[in-house]
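Worth knowing before you read on, the calculation uses all heavy atoms, side chains too, and leaves out hydrogens, waters and symmetry mates. In this text, all values refer to a predicted model and were calculated from it rather than measured experimentally.
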Amino acid sequence: MEGGFHIYFNWGIKQIIKLAESIAKNINEAILITDKETKIIYVNDAYCRITGYKKSDVLGKKTSQFKSGKHSKKFYTKMWEDINAKGTWKGEIWDINKSGKLYPKYLTINKIYLDKEINYIGIFEDLTERKKFEENIMKLKNYDTLTNLPNEKLFYEILDKRIHSKSEFFVVISFTIDKFTFINEKFGFDVGEKLILKISHIIEMFLKNEDILSRTGKNEYMLILNHTKNKKEVIQFLDNLFIEIKQNIIIDEQEIYLGLKAGIAIYTEGTKNIDILIKESNIAKEYAVNQGIDDYLFIDNRIKEMYIDEIELENLLRIALDKNEFFLTYQPKINFNTEKIFGIEALIRWKNSKLGYISPERFIHTAEKTGLIIQIGEWVLKEACKQLKIWHEKGFYNLSMAVNISPLQFKNSDIVNLIKNTLKEYNIDGKYLDIEITENLLIDRIDDIKRQLVEIKKMGVTISVDDFGTGFSSLAHLKNLPIDKLKIDRIFIKNYPEKDNGMMSKIIINMAHDLGFKVISEGVETKEQLEFLKKNGSDEVQGYYYSPPILESEFEEFYIKYTNDL
């Protein structure tokens with residue numbers, strides 16, 4: 001310490017000035033010094049680099065000649081009041097460089113005395129790059145990177161301000177692109193992104209200045225529609241938009257048909273909660289999607305009540321397995337040639353302590369939507385095979401068990417190993433298991449589905465297509481898959497002979513046989529329907545004519561009685 005001070009105090013004034021000049025020359029911050037009249041008497045090299053001015057351009061001139069014009073007279077008055085009163089001022093300020101371009105800087109001004117004369121020294125740095133960085137960060141926080149639309153966070157902020165700044169009519173609309181996952185899987189993610197950009201552009205074409213469109217999810221949008229004055233104008237806006245959306249869209253020479261679903265919540269005076277508007281628009285949208293309603297839907301009390309019921313159902317469904325509330329019923333299947341019971345179909349039922357018996361038509365959809373169908377489906381398969389093993393041990397040797405397999409089990413679980421391990425666990429030959437799939441399974445990812453079906457077929461398992469005729473597949477398409485049977489949906493026979501001549505059933509049976517498939521007809525309730533199907537070559541049949549779905553104890557009685565009566 002003493003040595004350091006010794007050197008410092010032995011330096012002459014010229015050395016100190018030389019050191020100061022060296023520091024001023026090499027630092028990145030700009031330095032300028034003025035006299036008491038604010039005429040510039042010194043600038044360093046950084047000042048010239050940042051401003052674009054040469055030293056000869058500025059020396060002797062007042063700093064006021066280089067004002068940007070962005071700040072008011074009041075701003076400068078306050079700044080100089082602080083400098084003269086406190087001896088210093090610091091803050092962000094805008095200036096203009098030699099080329100006339102505005103730039104932001106962080107400036108510090110200090111009042112100093114040199115030889116008893118007042119001088120001012122200013123030190124500043126250019127904030128242009130920092131501002132650009134901050135803007136990019138802010139953009140990432142608030143805007144969708146693909147579409148440059150406001151993201152969900154910014155949309156919430158805009159909607160909150162809109163609610164508290166105006167009370168006139170406006171609506172919040174929640175959009176979703178229907179079947180977007182299928183489009184991504186079929187055409188690829190690149191096409192999916194281009195589709196998002198295309199849809200965004202189409203929606204924006206219909207907007208006015210005060211409307212705000214946001215991308216809030218992968219295939220989700222939210223819209224604040226301000227330019228409409230009443231519900232009639234909202235309907236007109238949506239009708240025009242959906243007409244445009246329904247035109248086939250071509251991306252990378254691929255023709256894509258898509259659906260757009262929307263839910264609408266109307267702002268009313270007193271609705272001061274953004275969560276209410278967003279939630280109600282989403283509820284209406286989800287209802288439109290789940291019910292297969294075209295285009296759009298306005299929220300109302302009926303839909304809200306159904307939504308609440310659905311949430312309750314979902315919550316109860318999540319604990320139903322743990323509470324052992326599910327059970328199986330069994331419906332016999334009869335072979336037309338032998339007239340014997342050759343198999344049964346396992347059908348799940350649910351009895352809840354609060355809601356009572358809940359039909360599969362109601363809860364299966366919820367199970368599919370939530371993904372709970374994977375756990376439930378696994379339970380059904382194991383429970384059905386366990387019961388089949390019991391019946392085989394009781395002497396019902398040739399009885400086979402049909403089990404419905406959800407598309408989600410193929411797509412989101414290892415269905416092949418589940419079947420293999422279940423057959424092994426209960427020591428059941430694969431030929432006694434019949435899995436029933438729906439046509440909807442065969443819409444997308446067909447190569448992967450075919451691979452799984454081939455592996456299942458290797459176990460000796462029978463593969464049937466359930467509810468045939470109600471989906472999108474064709475008989476020729478099915479011919480390329482390892483399928484054994486087609487199960488004709490009951491809609492093709494239920495009105496025979498009063499309102500239906502049975503022609504569709506007859507055509508399906510003939511074509512299926514030509515392609516090598518066996519046919520099972522379900523939903524048979526009358527003697528006339530039974531005789532018609534037998535006459536036209538249906539191989540197997542099930543329905544209330546023989547028996548409704550029944551419990552295992554009831555089936556055993558039915559099986560023994562039916563077999564003895566033959």
I'd like to know if the side chain of Gln529 and the backbone of Glu525 have a donor-acceptor N/O pair within less than 3.5 Å. yes

Can you list the steps and then say if Lys450 with Asp447 is a salt bridge (charged side-chain N to carboxylate O under 4.0 Å, His left out)? CA-CA 5 Å; Lys450 181 178 180 178; Asp447 290 339; over 6 Å; no

Before you tell me yes or no, could you show the steps for Ser521 and Ser538 under side-chain hydrogen bond (donor to acceptor under 3.5 Å, both in side chains), namely the whole-Å CA-CA distance, both residues' side-chain angles and the distance that decides it to 0.1 Å? CA-CA 7 Å; Ser521 302; Ser538 179; 2.9 Å; yes

Could you tell me if Asn282 and Ser174 have a donor-acceptor pair between their side chains, going purely by distance under 3.5 Å? yes

Go through the steps for Lys354 and Glu312 under the test salt bridge (charged side-chain N to carboxylate O under 4.0 Å, His left out), then give the verdict. CA-CA 11 Å; Lys354 181 178 180 181; Glu312 180 182 34; 2.4 Å; yes

Lys518 backbone acceptor or donor facing His513 side chain under 3.5 Å: no

Salt-bridged, Glu378 to Lys382, with N to O below 4.0 Å? yes

Could you check, using the six-membered ring where one of them is a Trp, whether Trp391 and Tyr397 have ring centers closer than 6.0 angstrom? no

Quiz question: by atom type and distance under 3.5 Å, do the side chains of Glu540 and Asn335 form a donor-acceptor pair? no

Shortest non-hydrogen contact from Thr176 to Leu260? O-CD1, 3.3 Å

Under 3.5 Å: donor-acceptor pair, side chain of Asp489, backbone of Phe468: no

Glu436 to Ala402 - nearest heavy-atom pair and separation: OE2-CB, 3.6 Å

Parallel, tilted or perpendicular: which fits the ring planes of Tyr496 and Phe532, with parallel below 30° and perpendicular above 60°? tilted

For Tyr296 and Asp239, what are the C-alpha separation, side-chain angles and deciding distance, and is it a side-chain hydrogen bond (donor to acceptor under 3.5 Å, both in side chains)? CA-CA 9 Å; Tyr296 58 85; Asp239 284 343; 2.8 Å; yes

I'd like to know if the side chain of Glu554 reaches the main chain of Leu551, judged simply by a donor and an acceptor atom lying under 3.5 Å from each other, with no hydrogens or angles considered. yes

Say whether, by atom type as modelled, one donor and one acceptor occur between the side chain of Ser214 and the main chain of Phe155 under 3.5 angstrom. no

Is a donor from one side chain sitting under 3.5 angstrom from an acceptor on the other, for Arg302 and Tyr307? no

Polar side-chain atom of Gln452 near backbone of Phe410 as donor-acceptor pair, under 3.5 Å: yes

Please confirm whether the backbone N or O of Ile173 pairs with a side-chain atom of Ser281, one donor and one acceptor, at under 3.5 Å? no

Is there a donor-acceptor contact under 3.5 Å linking the side chains of Ser547 and Tyr330? no

Donor-acceptor under 3.5 Å (Asp144 side chain, Arg215 main chain): no

Can you find a side-chain donor-acceptor pair between Glu368 and Ser406 that sits under 3.5 Å? yes

Would you tell me whether Ser464 and Asp434 have side-chain atoms, one donor and one acceptor, within less than 3.5 Å of each other? yes

Asp429 side chain to Tyr432 backbone, donor-acceptor under 3.5 Å: no

Using a distance-only test with no angle check, is there a side-chain donor-acceptor pair under 3.5 angstrom linking Glu522 and Gln542? no

Say whether, by atom type as modelled, one donor and one acceptor occur between the side chain of Asn398 and the main chain of Phe342 under 3.5 angstrom. no

